Structure formats: structure tokens, C-alpha cells
Amino acid sequence: MAIKNAYLADLMERVIKRNPGEPEFHQAVSEVLESLEPVCEKYPEFITKGVIESIVEPERIIKFRVPWVNDKGEVVVNRGFRVQFNSAIGPYKGGLRFHPSVYEGIIKFLGFEQIFKNSLTGLPIGGGKGGSDFDPKGKSDAEVMRFCQSFMTELCRHIGADTDVPAGDIGVGAREIGYMFGQYKRIRNEFAGVLTGKGLTYGGSLVRTEATGYGLCYFTKAMLAAKGESFKGKTVVISGSGNVAIYANEKATALGAKVVAMSDSNGYIYDKNGIDLALVKEIKEVRRGRIKEYVDVHKDAEYKEGCSGIWSIPCDIALPCATQNELNEESAKALVRNGVKAVAEGANMPSTPEAIHVFQSNGILFGPAKAANAGGVATSALEMTQNSMRYSWTFEEVDAKLEGIMEDIYNKSAAAAEEFGMTDNLVAGANIAGFMKVARSMLAYGVC
Ligand code: NDP
């Protein structure tokens, strides 16, 4: 799986040297450069005119101090980031992640992936990502509010409806977006569509909450349909129990599947009767509790400590929806042994390169994150459109647009894979289809 093209291999070496200690970023760049080998053979101008050289370097990285006061009156200092990676086809767009594991390399990998994902949606949005090493878990609402206000006090200088429009990600949901939007409005004295994932009373879009999970299932439905298959009667395993996982469960179930397992960062639950999603929502969305509380109510369900064991549960469809590199080679082999037919990524880069190789070499349908989880950002772009028009579409209108976009992403990715001689390789297809629009725009701008 090494890069063979001499220029691309050398560029990869330089990316590693220039961004030391950032393995997630190296992993994301390496996968894209590998996919672009046949593209560079067909269009050498992408190399000679510096497009590839430029696309791996963020346009701008903003790194800042976030001081705030906890409930004990102590000053706590976190670190904030915004990586404005590429604005060739529109304002920077991508979520904010609040999680203790956040550092520059994580935000860079996410921002880089976002360039191609956003392009695939067909909507005019560039790539960016941000976040902080702040951990909202266990914090009071007042602490989260004070942190969000401090974070936005700095971030508001760098974003804007036509410049950069952040959204949520791990640890950033409706509560955090509300606090940040309120602070932006207060400091800038303008009511602008500067964040997405907003509440419905102040400019949010219907379906945005559900969009990534629903979109993942629409993509998977299209991928299955191309092989004469569907969700109907299938057993599904979903990792995570956050925003993406919950709404993936809801849509997979609506499409006729039975979801039997979900997880959080401590462990996983297995309910052979099908997960009681209303209870999971109550635990995670209302109580902000732990997934193990599920078995207090459903005594015949099982809870096991540890995350990776979830992949040893037999299923037809696996939807990793928690975090990066959560599904490794060993887990992939277990899924294949147990007869998995399709894997589609709801989280960003949840499968390691070795795991993807196991799926692809065993003929398993594999939907990569860039394509499969693009429904969230696509609906964010629809929120931006509605904000610009000062008008709102109905749930059905947004949902229908989302399904159309996800089908289109599947078709574009499959067609690009086919065109470059890699039929059914949706990893390469998504990277290539996402790249072409951005690259052509960058060529048009000259060196800049
Ligand atoms: P949430 O914060 O709502 O949920 C994250 C879930 O993943 C929780 O169940 C969490 O468990 C679990 N998790 C987080 N970190 C780890 C870890 N290190 N090991 C195991 N489990 C972990 O986030 P989202 O649902 O929004 O995001 C999930 C994934 O989807 C991320 O990769 C994100 O980048 C991606 N994504 C999200 C989009 C969105 O619209 N929200 C859009 C596109 C991609 P716990 O509660 O224990 O922390």
C-alpha cells in the first residue's frame, strides 16, 4: 500500500518531516496521495502547477489560549484551534471538537479530510476544522457556558458567514453551539449564519441533528442497492452512542434493519432483541449518562467493558460511529469471519488502513467516511443557504435534499473509481471525485 509515484512519495516524506508527531494527519494525507496516483498520471499539471504541493498545507492555522473559571472559582486554561485548510470552492466549513485528545494533528487530519468531503457534497464549501482539549464530560452547564464564551471571544475574530462557518463534532452539540452563537452575536453585534447546528428558534435547520446518521444510512442504502441488497432484515452493529450513532440507528431501523449493539468510550451493549433507542436517547441525550445504564432496564441485554469487543458481534452491516482508528485489522478480520457484508464509516477515519485492506481484499462493500458521513456537513450547507435566504424549508424538504445528495455522492465516488480502473474502490473514488473540483479551482487561481 506504499505510494509508488516518485513525486508523491517524496511529498509524503516532506509532509511527515514538516508535521512531526502528527500520525493521524500523516495517515489521512497518505491515503489521499495514494488514491491520486492515477489522477496525476492523467493530469500531470496538478503536480507541475503546484496543486498537490499546496493542498497538503493549510491556508492558515489559528491556535489560542482559552482561559475560563470553573465552579470552584479556579482559573483553567485550555488550548483552542481552528485550521482553515482550503477555501478554493467556498468558505471554510467543518466542526469544532471538544475532547481531551484534541491537539493540532487531530484538527489537521479532520480539516484535510473535510476539503474532499465538502467538495463531494456538490455544495460551495471549503475545508476547515477546529476544537479544544476541553472535556465537557462532568462539567456543569455553567462551566460549559463559560468555556464556550471564552473560546468564541477569540474565535469570533477569525470566522464569518462568508469566511468560515464552524459546526459541532465530538463534544459539541446544541448546548455548546447555543452558547457560542450567543457570544458571537453579542461581541460582533450581528445576527449572521456563522455557525451551523443552531437551535430551530434561532436559525437552525430541520434535519441537521439527524443529518450525519441519516445520511450515512442513505449512502449505505445506495451502496447496497447497487449490488441488489438493502437494509431490510439485516443485523447492524453501530459503535458510539452520540449524535451520529443515535440517528444512524434510527434510520437503519426505519429502513427495516435490526440494530443489536452500541457503545461509548467505556464499553458496549448487546441486545439481541434490538436496541431500545428511546432508552439510549434518554441516557445519552437527556441524562448525559453512560451506555452501561441500559442494562439496568433491559436485564436480558449484556454490557461489556472495552470498545473493540463490539466488532466480534456477528452482523451483516457495521457502522463505526465513534472516533478515529477505533476499528483495527483484528476487528476487521472478526467482522469478515462473522459474515459482514457492508461497512460504512459514520465517524471520521474510524478504520485503520490495515482494516480497510482486510475489507477490500475480502470483497466487503466499504463506504469511507469522506463520502458516507458527508450528510452532516451537506445539511449544514443547507442551513447556510436557508440563513442567507432568511427562510426555512420543511423537514421533508431538507430530508429529501439530503437523500438526493447522499445518492449523488455514492454515484460520483463509484463513477470516479470506475474511470480510474478501480471499480468498487470507494475510498479511491471518493478521494478522486472530491479532489477534482477543488484542484480545478486551485488551477484557475494560479499560484496563490
Ligand atoms: P458525540 O460527541 O455526539 O459522540 C461521540 C461518541 O463516540 C460517544 O458515544 C463517545 O463516547 C464515543 N467516543 C468518543 N471518543 C471515543 C474514544 N476515544 N473511544 C471510544 N468511543 C469514543 O460525537 P458525534 O456523534 O458528533 O461524532 C462521532 C464521530 O462522527 C466523530 O468521528 C465525528 O468527527 C464524526 N462526525 C460527526 C458529524 C456530526 O455531524 N456530528 C459529522 C461528520 C462526522 P463517550 O460518551 O464515552 O465519550
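Note: hydrogens, waters and symmetry copies are ignored here, and every other heavy atom, side chains too, is used. Small disclaimer: the values here were computed from a predicted structure and weren't measured. We count ligands from 1, going down the list as the structure has it; atoms in each ligand are counted the same way.
In this structure, D316 pairs ionically with K341, as a charged nitrogen and a carboxylate oxygen lie closer than 4.0 Å. Taking a cutoff of 4.0 Å between a charged side-chain nitrogen and a carboxylate oxygen, D141 and R288 do not qualify as a salt bridge.
For K139 and F134, the positive end sits near the middle of the six-membered ring, less than 6.0 Å away and at most 45° from its axis.
Looking only at heavy atoms of the protein, atom 3 (O) of ligand 1 is closest to N243 N, 2.9 Å. Ranking protein heavy atoms by distance to atom 32 (O) of ligand 1, first place goes to N348 N, 3.1 Å. The nearest heavy-atom contact from the protein to atom 31 (C) of ligand 1 is A322 O, 3.5 Å. Regarding atom 27 (O) of ligand 1, its nearest protein heavy-atom neighbour is I170 CG1, 3.7 Å. The closest protein non-hydrogen atom to atom 33 (C) of ligand 1 is D169 OD1, 3.1 Å. If you check which protein heavy atom lies closest to atom 48 (O) of ligand 1, you get K137 NZ, 2.9 Å.
Those atoms of ligand 1 with a heavy atom of G171 less than 4.0 angstrom away are 2 (O). Counting the atoms of ligand 1 from 1 in the order shown, those under 4.0 Å from a heavy atom of C307 are 20 (C). Near H99, meaning under 4.0 Å from one of its heavy atoms, ligand 1 places the atoms 15 (N). Of all atoms in ligand 1, listed by their number and element, those nearer than 4.0 Å to a heavy atom of A347 are 29 (C), 30 (O), 32 (O), 35 (C). Residue contact check: R208 has heavy atoms under 4.0 Å from atoms 40 (O) of ligand 1. Residue K284 approaches ligand 1 through these ligand atoms, each under 4.0 Å from one of its heavy atoms: 46 (O). Ligand 1 places these atoms under 4.0 Å from at least one heavy atom of G240: 9 (O).
Between E345 atom CD and F366 atom CZ the span is 3.5 Å, to the nearest 0.5 Å. Remark: I55 CD1 to F116 CZ distance equals 4.0 Å, nearest 0.5 Å. Here L110 contributes atom CG and M349 contributes atom CE; the two are 7.5 Å apart, rounded to the nearest 0.5 Å.
Remark: the N78 side chain and the S132 side chain contain no N/O donor-acceptor pair separated by less than 3.5 Å. For N118 and T121, the side-chain atoms include no donor-acceptor pair closer than 3.5 Å. Side-chain contact of Y184 with E190: a donor-acceptor pair under 3.5 Å is present, judged by distance alone. Between the side chains of N266 and K292, no donor N or O sits under 3.5 Å from an acceptor N or O. For Y410 and K221, the side-chain atoms include no donor-acceptor pair closer than 3.5 Å. A donor and an acceptor atom, one from each side chain of T394 and E397, are located under 3.5 Å apart.
Side-chain contact between L335 and V237 is absent, with no heavy-atom pair separated by less than 4.5 Å.
At least one heavy atom of C321 sits under 4.0 Å from some atom of ligand 1. Within the 4.0 Å heavy-atom cutoff, R290 counts among the residues contacting ligand 1. Distances from ligand 1 to the non-hydrogen atoms of R97 include at least one value under 4.0 Å.
Both the backbone and the side chain of S265 come within 4.0 Å of ligand 1, counting heavy atoms alone. Heavy atoms of T212 found under 4.0 angstrom from ligand 1 belong exclusively to the side chain.
Remark: side-chain polar atoms of E383 are paired, donor with acceptor, to backbone N or O of K198 under 3.5 angstrom.
Taking distance alone, with nitrogen or oxygen atoms compared against 3.5 Å, K129 stays at or beyond that limit from ligand 1. The shortest N or O to N or O distance between V244 and ligand 1 is below 3.5 Å. Residue contacts with ligand 1: S241 is placed with a nitrogen or oxygen under 3.5 Å of a nitrogen or oxygen of the ligand (distance criterion only).
Of the candidates G242, S263, S239, S380, the one placing a heavy atom closest to atom 5 (C) of ligand 1 is G242. Nearest to atom 16 (C) of ligand 1 by heavy atom, out of T323, N373, T196, T379, is T323.
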